[in-house]
Amino acid sequence: EDGFVQAHARIARAQAAVEMGDMADGDRILGETLSEIWQRDPWTVAIALISGGFTAILCGDHPRAEELLQQAVSILHRLGNTWTMLWALPLLALTATENSAPRRAARLLGATDALMERTGASIPPIFDELSARARTRTAAQLRPDEFTDLLEQGRQLPLSPGVVGD
């Protein structure tokens, strides 16, 4: 139990470093935490991966963010934890948009919308701005009817790592 508490305290410390503008320290703390908890607590690993993806986005490293977020989604899918998966999906949509994959981003946004409706959960406030950016940038890269159609396609997708990764 102490390891669980310590891991979450380190993740919070890493997030605080990121919020204070010290991306390198936040990334270092998350990396150390991941290496220590990888085999013990998959949910905490997923949280650390989401935090790492968030940091990578803020640093402009969208390929790394996508890799970390995809790993988090895989773990959360295996655990059946759709509530926490909701934290990763809008960030994954933003990485898709920034990596010139707006069709994928629109489907991820549609899946996010459907998941929020099914669960009653919402995106954590810390991710609101990035989620809005994903939606705005994705819509700007597609025709309005295409964006709407792809959102609907995303709403119909089963949330599995393979589908989310397409």
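Since we're looking at a predicted model, the values are computed, not measured.
Residues V45 and I75 are in side-chain contact: their nearest non-hydrogen atoms beyond the backbone lie under 4.5 Å apart. Between Q153 and L150, the closest side-chain pair of non-hydrogen atoms falls below 4.5 Å. L69 is not listed as a side-chain neighbour of L49, based on a closest heavy-atom distance of 4.5 Å or more. Contact annotation: the side chain of R103 never approaches that of Q141 to less than 4.5 Å [non-hydrogen atoms, C-beta and beyond]. The side-chain heavy atoms of E152 and F147, taken from C-beta on, include no pair separated by under 4.5 Å. Contact check for R107 versus R155: no side-chain heavy atoms found under the 4.5 Å cut-off. With contacts defined as side-chain heavy-atom distances shorter than 4.5 Å, the pair L130/F54 qualifies. Between L92 and T95 there is a side-chain heavy-atom pair separated by less than 4.5 Å.
Under a hydrophobic-cluster definition in which Ile, Leu, Val, Met, Phe, Trp and Tyr are linked whenever side-chain heavy atoms come within less than 4.5 Å, directly or via other members, L108 and I50 are assigned to the same cluster. At a threshold of 4.5 Å between side-chain heavy atoms, the hydrophobic network of Ile, Leu, Val, Met, Phe, Trp and Tyr places M85 and L109 in two separate groups.
Between atom CD of residue E98 and atom CD1 of residue I57 there is a gap of 8.5 Å, rounded to the nearest 0.5 Å. Interatomic distance, T138 OG1 to L94 CG, rounded to the nearest 0.5 Å: 7.5 Å. Rounded to the nearest 0.5 Å, atoms CD (E32) and CG (D27) are 10.5 Å apart. Between H62 atom NE2 and S100 atom OG the span is 10.5 Å, to the nearest 0.5 Å. Between the CG atom of L76 and the CD atom of Q71 there is a distance of 11.5 Å, given to the nearest 0.5 Å. In this structure, the separation between OG on S74 and CG on L79 is 11.0 Å, given to the nearest 0.5 Å.
No donor-acceptor pair under 3.5 Å is formed between the side chain of S131 and the backbone N or O of F127.
Comment: R135 engages D113 in a salt bridge, judged by a side-chain N to carboxylate O separation of less than 4.0 angstrom.
Counting only residues at least two apart or in different chains, ring-ring contact (aromatic ring centres under 6.0 Å, His included) contacts with residues 86-122 comprise W83-W87.
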